[in-house]
Amino acid sequence: MEKLEGGILGTVFRNDENGWTVLTVRSGRSEVTVVGTLPALGPGEQAVFFGEWTEHKSYGRQFKCVSCEIQTPTTLLGIERYLGSGVIKGIGPATATQIVRQFGEETLTVLSEHPERLTEIPGIGPKKMALIAESYREHEAARKGMIFLQSYGIPPTLAMQIALFYGDRTQEVVREDPYRLCDDLEGVGFRTADRIGIALGIAPTSDSRIRCAMKYVLREAAASAGHVYLPEDELCGTAASLLQVPRDLCTRALTSLLLSSALVAEEEEESRRRVYLPYFWRAEREVALRIRELMEAIRPDKFAGAVRAVSSFEKRRGIRFSENQRKAIVRALETGVFVITGGPGTGKTTIINCILELLSEENVVLLCAPTGRAAKRMTEATGAEAKTIHRLLEFGGSEGTFAKNPDHPLDADCIIADEASMIDLMLMRSLLRAIEPGTRLILVGDADQLPSVGAGNVLGDILSSGAVPCARLTDIYRQSETSRIVMNAHLINRGKMPLLNEKNTDFFFERKATFADTAQSVLSLAIRRLPQYLGYPPEKAANLSVRNIQVLAPARKGECGVNSLNILLQEALNPASPAKPQLTREETIFRLGDKVIQTKNDYSLEWIRKTRYGYEDGVGVFNGDVGYITSVDPENNNLTVLFDEDREVVYEAGALSALEPAYCLSVHKSQGSEFPVVIMPVIGGPPMLLTRNLLYTAMTRARELVVLVGSEDVIRRMVENDHIARRYTTLSLMLQEAVKNP
């Protein structure tokens, strides 16, 4: 790591929300540019920057700073420039000159220890003195706090977030108990807090460390595996292994956490206990109770003549439902909560259209789905507007905050939610909170796909409970009988090998023996062979390929993983050019025209959308949202992404960590989306990823064409691997108890 010493000449750009800064610095006789996440620095201040020299395509040589040490100005001119730079509220250049003239070399001591003396200067009364003193104190505390945190290896962006949250109490709070950062701030995990704790000399067996680790293990289990709870033995064992402490200390800490209600436990069989984070425990119970309320509020005879209405629909459309489909429609019309599940081609969309037509004459019917792409697809299939669940509930800017709630419910007689397998526990609770008893709720989804990214197994638990009326569709609708995508998906779902050698179908398999050959084949298919096969005009082939052809991969790492394929596809489909400005975040390049995906929920990102009535704005971009980079501004270090539902979002440098290229997606990230063409490498990887339901989910993302590239033996192993990682949830049990004991 290199070092640069210099004096601050000025700030070219600064984002106060995340600390990203571009400075002009005099080092020796040279003026240089320093960029990075930094505390506010003013002209006249001296600093030592640590980082490396980089070459920016537009702005030339820059010093990319990862940490810095600030040296207090010592000369009168330096102090005057610092105070007059505007970083301290109430002090401009003229006032700075007066203060330095009055107090000389004692100026900074007066500001920090005797600010009341500022009233000795004409024009500074008690009110202005208090403003200056408070601003100087906050400014110095935030800077010292950030530098203090960076000394423990905290990344600059996170250090700025922590320093802004705690203000002048940063060092005091962190020294007293660094583990509280995990509870107070999103983005601070146990390992980060533990690094500080160890450096500060906190004992490995301290109660705060062990309690923090116990909660961390539960949060991590929810985030990485979708668990709502963990068995006590598994929780204590995992925590003890993480902490490298005796297991009995974790058992003792668990007792303390339960007594303080920081965690919740329930008895299971054989005196074992399930341990929950309180909000998950409450959420499962609330979901079960609200579903029961909706079921009880609709009388079976509320929709009279359902059978006749369905028959009339068949005659008008010239179709004939199977007996199972007809029963599903009638029961959906007659019950308060109903679930329709089935694989591709089983008529789920036609059933939705029938229900929509039969209800919409006299009822308000709202359509929704978990993602923008799924909502858009629902709109195209039905001709009626469908919204994301977040948009339907009028998302309010922080997790779980919606304008639509029990006090302001949705104005609807029926709500149909598609792609229900993607709805996690917390989102389902928010949806149910906004639905008044007396409103029908119809959930539609494929229970054999991968479960939601977030915690819970809502659709699976509702179906397994047996407490909620449902229809399982198995017959393939006649329009889909000729599709090998549909036929092979159902074969895979039944544990049978797909038909790989048929010609002139919508399903192809290309044999390759090595990872390198497979990767090159995927690349040539995406950039040349499939565009030619599909008849794309040569001048539009790259753009149409990006828009219509989606590469999916089972794993993130390896030659045929998401990370490597994204690099290859980006360079092939959107190569660097003087006409395409770009930004670099660590090792990732973001270029004008790139296809990108948001990888975590960001409840504070603002968006704007142009509508026929003018502009609409809002907040919140969510895990799995896919969009395209429409502008890049290297000078101000930001870029703009256009997401589904025409939402435009400006990303400052600090927010880019949640954005990734999306030329290749993991199968998990593709849930709820549908693409004209899907290419997928099937050449090997961890057995836990090479599963039947992952292959099934990937294939059912394609609308027109699927190409698998790799090994027939790997496909066979995936089909035979029916392992579904168990999610620890209790919604099914809660539903059974709620319906049994109204």
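- In this structure, the side chain of Thr439 does not engage the main chain of Ile435 through any donor-acceptor pair within 3.5 Å.
- In this structure, Phe622 has its ring center under 6.0 Å from that of Phe395.
- A salt bridge does not link Glu380 with Arg373: none of the charged nitrogens is closer than 4.0 Å to a carboxylate oxygen.
- For Glu674, the salt bridge (Lys or Arg N to Asp or Glu O under 4.0 Å) test picks out Arg377, Arg703, with sequence neighbours left out.
- Using a distance-only test at 3.5 Å, with no hydrogens or angles considered, a donor-acceptor pair links the side chain of Gln671 to the main chain of Leu450.
- For the pair Arg191 and Tyr216, the cation-pi test (distance below 6.0 Å, angle within 45°) is failed.
- Annotation: side chain of Lys595 is in contact with side chain of Val626 (closest heavy-atom distance under 4.5 Å).
- Screening residues 452-472 for ring pair (Phe, Tyr, Trp, His ring centres under 6.0 Å) gives no qualifying pairs among residues at least two apart or on separate chains.
- With contacts defined as side-chain heavy-atom distances shorter than 4.5 Å, the pair Asp194/Arg209 qualifies.
- Listed for the Arg472 side chain is no donor-acceptor partner under 3.5 Å among the backbone atoms of Gly342.
- Put simply, the side chain of Gln598 gets close to the backbone of Lys600: a donor and an acceptor are under 3.5 Å apart.
- For the atom pair CG (Leu427) and NE2 (His390), the distance works out to 5.0 Å, reported to the nearest 0.5 Å.
- Checked against a 6.0 Å centroid threshold, the rings of Phe280 and His227 do not count as neighbours.
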